[in-house]
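Everything below concerns the one structure shown next.
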Amino acid sequence: MHMMASTIRSFACPPLASASVSVRDNFKGRTRIGCLQERCPFPQAMQFGRVSMNVAVNVSRFEGITMAPPDPILGVSEAFRADKDETKLNLGVGAYRTEELQPYVLQVVKKAENLMLERGENKEYLPIEGLAAFNKATADLLLGADNPLIKQEKVATVQGLSGTGSLRLAAALIERYFPGAKVLISAPTWGNHKNIFNDAKVPWSEYRYYDPKTVGLDFDGMIADVKAAPCGSFILLHGCAHNPTGIDPTPEQWEKIADVIQEKNHIPFFDVAYQGFASGSLDADASSVRLFAARGMELFVAQSYSKNLGLYAERIGAINVVCSSSDTAVRVKSQLKRLARPMYSNPPVHGARIVANVVGDPVLFSEWKSEMELMAGRIKDVRKRLYDNLSGNDKSGKDWSFILRQIGMFSFTGLNKAQSENMTNKWHVYMTKDGRISLAGLSLAKCEYLADAIVDSYHNVN
Ligand code: KET
């Protein structure tokens, strides 16, 4: 209405303060009148003739929108693409590359896609909750197909827009049904967690997790902070391969964490983005979630197939809510659907069919496990080579063995912001400013170069 109307009045009241300032400056000396529109925030807007109106249209209504900072993780890939240096290395985003540093599409994914083409599947809308075969496959994979919770229909599963979208949907449910409840997030955590809860208007605070002195888990700090949180808080936990630290609790520590969460009536909220990628085993990597579920606890679990099936761009994942009864699960699912409908209506089908085909076919499923072991194995090899090169190149006697103890896609190097910037500015090694490097983007051949860069940045930059 504002842009289309030809009346003088509508052009005379831009909605943004800075736009109105530039209009005034451009047209100094012209007649000013009070705006006649109801509730207009610019009662001192001007009235002017057709010629002036053209100029007024050129003043953007978006003047007040400031430049957003680059994303701390995905922005690194943008900077990498702009660098013309041949030695450049992108260790920012957690995306698996081959030894030749090329993106990798899993063989099982290609086979599943061929199957889909042969079947000539249609492109009709999915139901709001997603593809039924996917939802079954994803809950089975998470909890184990023979888990009684599944048979008792106590799990509400809704297909989400990958891990991020699934977390966001759960955050919307928390905001709607647990107003004021706090989410506790590990310090540090994946950079997007805080954005997700901020945008969903869910308050959060941090619990201690990483101890720089031991380069390990601050278990006592974590337990104390979880204990101190108001009863009924949500405790966000990384199911495996904690991002960015690569440090997971031991099975005994998981038990103690579960004890405290139960004592305080908190609700565990797992983010499972790396199932199969930490150990190479899908079951072993789900053991934390299964341990909590076996205690009869109600919990949230967000899942992602970006990494373990390499389906980054397909945006396929799920939110599971394990409930104490099947009746509750039906109601929770109905509300998740109600939240999803106005946000994105229903999820995309392609990635869901790939997952359903791979998990649902015993031959493809076992091929997937072998390919995953291969990917996890390549990362472990690179980790070992990097450690060898660091220990060999660094004559200071610094102990780099923490790199071997970390698991998953990443290594948390301990480099600070200035040192990380030196890695990029001097060595063309792109990484996040918290000192995290993605080993999935590293080749054996580049380990020595990387070790040189790390040793230089660590010792020569404060
Ligand atoms: N949880 C964690 C812990 C995580 O590391 C990621 C992605 C996600 C969820 C979401 O992934 P999705 O593709 O929405 O299913 N992490 C990598 C990519 C990113 O930042 O988006 C990363 O840390 O590099």
Side-chain angles (χ1 to χ4, degrees), residues 69-80 89-97 103 130 134 138 141-142 158-171 183 185-197 199-200 204 209-210 235-248 269-278 285-286 288-289 300-320 343-344 347-348 350-352 354-355 379 406-412 420 430-442:
D71 183 78
I73 298 176
L74 299 185
V76 173
S77 300
E78 288 170 31
F80 173 79
L89 255 182
N90 187 3
L91 309 182
V93 69
Y96 183 82
R97 298 277 183 277
F134 166 79
T138 200
L141 205 70
L142 179 69
V158 170
Q159 183 186 330
L161 303 180
S162 210
T164 307
S166 305
L167 288 160
R168 183 65 179 79
L169 199 55
V183 175
I185 300 175
S186 66
T189 192
W190 174 50
N192 215 16
H193 279 148
K194 294 174 185 174
N195 300 334
I196 289 170
F197 293 109
D199 279 8
W204 55 267
Y209 191 85
Y210 173 72
I235 312 295
L236 190 73
L237 302 158
H238 298 223
C240 65
H242 182 273
N243 178 6
T245 65
I247 301 159
D248 285 349
F269 183 170
F270 280 94
D271 180 357
V272 177
Y274 299 93
Q275 190 180 353
F277 239 98
D285 287 356
S288 57
V289 172
F300 281 53
V301 191
Q303 287 172 285
S304 164
Y305 290 92
S306 291
K307 326 283 173 158
N308 54 11
L309 255 178
L311 294 178
Y312 309 92
E314 297 297 352
R315 312 310 295 144
I316 179 66
I319 180 71
N320 303 269
M343 277 205 248
Y344 57 86
H350 192 78
I354 295 172
V355 177
I379 296 173
Q406 296 169 342
I407 55 169
M409 269 196 167
F410 303 106
S411 178
F412 204 48
S420 303
Y430 287 79
M431 58 188 284
T432 53
K433 298 287 178 275
D434 57 0
R436 183 190 89 170
I437 54 175
S438 168
L439 296 178
L442 181 62

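The basis for the numbers below is simple: all heavy atoms, side chains too, and nothing from hydrogens, waters or symmetry mates. If you're wondering where the values come from, they're calculated on a predicted model, not measured in any experiment. Numbers here are sequence positions counted from 1. Numbering of ligands and ligand atoms starts at 1, following listing order.
- Using a 3.5 Å distance cut-off with no hydrogens or angles, the side chains of Y274 and S304 do not pair a donor with an acceptor.
- Closest of all the heavy-atom pairs between T432 and P72 is CG2-O, 3.5 Å.
- Residues satisfying the side-chain contact (heavy atoms from CB on, under 4.5 Å) test with L169, not counting sequence neighbours, are V158, I319, L336, L339, A340, M343, Y344.
- With sequence neighbours left out, S420 forms a side-chain contact (heavy atoms from CB on, under 4.5 Å) with L415, M431.
- For Y312, the side-chain contact (heavy atoms from CB on, under 4.5 Å) criterion is met by A95, Y96, S306, K307, M409, not counting sequence neighbours.
- Y210 and F412 have their aromatic ring centers within a separation under 6.0 angstrom.
- When heavy-atom distances to ligand 1 are checked against 4.0 Å, the residues falling inside are I73, V93, G94, S162, G163, T164, W190, N243, D271, A273, Y274, S304, S306, K307, R315, F410, R436, ordered by chain and number.
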